[in-house]
Chemist: 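The structure follows.
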Number of protein chains: 2
Amino acid sequence: MPLQEKDTYQEKDDSSRINPFVRVREDHANELSEDYLELIEDLIDRTGEARTVDIAAKLGVRQATVTKAIARLKREGLVTAAPYRSIFLTNEGKKIASRAREHHRTILEFLIALGVQQDVAEIDAEGIEHHLSPATLAAMQRFIQQQPAAA
Amino acid sequence: MPLQEKDTYQEKDDSSRINPFVRVREDHANELSEDYLELIEDLIDRTGEARTVDIAAKLGVRQATVTKAIARLKREGLVTAAPYRSIFLTNEGKKIASRAREHHRTILEFLIALGVQQDVAEIDAEGIEHHLSPATLAAMQRFIQQQPAAA
DNA sequence: GAGGATTTGTAGCCTAGGCAAACTTTGACG
DNA sequence: CGTCAAAGTTTGCCTAGGCTACAAATCCTC
Ligand SMILES: [Mn+2]
Ligand SMILES: [Mn+2]
Ligand SMILES: [Mn+2]
Ligand SMILES: [Mn+2]
């Protein structure tokens, strides 16, 4: 029995650790969920409820797109929603949302500490937040701490 | 005549500047091209030619996927390729490849200067390289310069 | 409490980017 | 040369995530 039949078999679990491109594709598969959940939590905190129309406006997509995405999140057990009613996070959804928000905040603070203008930092943070390993986030944290809030 | 008919019309040109999520979707539309072109240039430099089988191995996808992607790049005028022969970059393709490689290198150096371990930095760089504005890249450059190659 | 604007949902379409399976071409080598 | 394994392509399939157009429900407002 051969030790490697790599030609046709693709590792599923730790290929992400050895191939950066595979890792990026995996990141992207989680990206939408994270953005939706973070945004839903935000809307609930700030306006009392998360409505399809507001999510669509924030994300810059059509409402039909949001409806479809919500159906998927429901399937995955991350949100609950009754037809024509607003959207709520499950406990699992809340966990992901909080983690996403934290990452987002860390990265934003980091970029600003690095000297990037606020509005540019906001934009870049939204993209890179899904691609950073714990180690890199930790390094960013250290950097923020070292910078004593420059004037 | 109303000043805004925003309800049905979506800005195309500068919406990217005002909505981070739209900007991220645009980034992702360019991501594959950039990665392919950078990789093709790399293979040519290091092995003399860019072959489907090697591109597939590097990206962690099947050869059929690469063939399809190359067809798209050809359509876009970024590569040339005859059937069953290896792949070459057009001038336009070379420009994009070089810019991508430069960004990649800057980000990698930056992460390492920040204290991230080499292999983790390699992985994270591959994801975030497509999401950074010129301003942020410039800030990273400055940071690298300030750090006098820590031991 | 009826009407109508707003919001939500459904149906159908499209493209990008994956895959497997089968076929074709190439080229190394006996 | 002829063979045949390796490389490349084609075909057909799938899912995610966009969109429009239209239908249905909700909920202001009078
Ligand atoms: Mn994001
Ligand atoms: Mn990305
Ligand atoms: Mn990349
Ligand atoms: Mn790269």
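The sequence lines fix the lettering, A, B, ..., with proteins before strands; numbering per chain opens at 1. Side-chain atoms are counted along with the backbone in the values below, which use heavy atoms only and exclude waters and symmetry mates.
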Chemist: Parallel, tilted or perpendicular: which one describes the rings of A:Phe143 and B:Phe143, with boundaries at 30° and 60°?
Modeler: perpendicular
Chemist: Tell me whether the side-chain N/O atoms of A:Arg85 come closer than 4.0 Å to OP1 or OP2 in D:dC27.
Modeler: yes
Chemist: Can a side chain N or O of B:Arg72 be found less than 4.0 Å away from OP1 or OP2 on C:dA16?
Modeler: no
Chemist: Return the 5'-most residue of the pair B:Pro83, A:Val53 with respect to DNA chain C, ranking by each residue's nearest nucleotide.
Modeler: A:Val53
Chemist: Can we say A:Asp27 and A:Arg23 salt-bridge, meaning some charged N sits less than 4.0 Å from an Asp/Glu carboxylate O?
Modeler: yes
Chemist: Does D:dG17 have OP1 or OP2 under 4.0 Å away from a side-chain N or O of A:Thr65?
Modeler: no
Chemist: Between P on D:dT15 and CG on A:Asn30, what's the gap in Å once rounded to a whole number?
Modeler: 19 Å
Chemist: Heavy atoms under 4.0 Å, any strand shown: does B:Ala64 hit a base, just sugar-phosphate, or nothing?
Modeler: base
Chemist: I'd like to know if A:Asp54 pairs up with A:Arg46 as an ion pair, taking the criterion as any Lys NZ or Arg NE/NH1/NH2 lying under 4.0 Å from an Asp or Glu carboxylate oxygen.
Modeler: no
Chemist: In whole Å, I'd like the distance from the CZ atom of A:Arg51 to the P atom of C:dG9.
Modeler: 11 Å
Chemist: Would you mind reading off the distance between A:Glu31 atom CD and D:dG17 atom C1', rounded to a whole angstrom?
Modeler: 12 Å
Chemist: Indicate yes or no: at least one non-hydrogen side-chain atom of B:Asp124 is less than 4.5 angstrom from one of A:His131.
Modeler: no
Chemist: Ignoring hydrogens and angles, tell me if any N or O in the side chain of A:Thr52 forms a donor-acceptor pair with the backbone of A:Gln63 under 3.5 Å.
Modeler: no
Chemist: Can you tell me how far P of D:dA6 sits from OH of B:Tyr84, to the nearest Å?
Modeler: 17 Å
Chemist: Nearest whole angstrom, please: distance from the C1' of D:dG17 to the CG of B:Asp27.
Modeler: 17 Å
Chemist: Please report the distance, rounded to the nearest Å, between CZ in B:Arg62 and P in D:dT9.
Modeler: 17 Å
Chemist: Can you tell me the distance, in whole Å, between the CD atom of B:Gln63 and the P atom of D:dT11?
Modeler: 17 Å
Chemist: Whole angstrom is fine here: how far is it from OH in B:Tyr36 over to C1' in C:dG17?
Modeler: 9 Å
Chemist: Ignoring backbone atoms, establish whether B:Thr67 has a side-chain N or O less than 4.0 Å from OP1 or OP2 of D:dT10.
Modeler: no
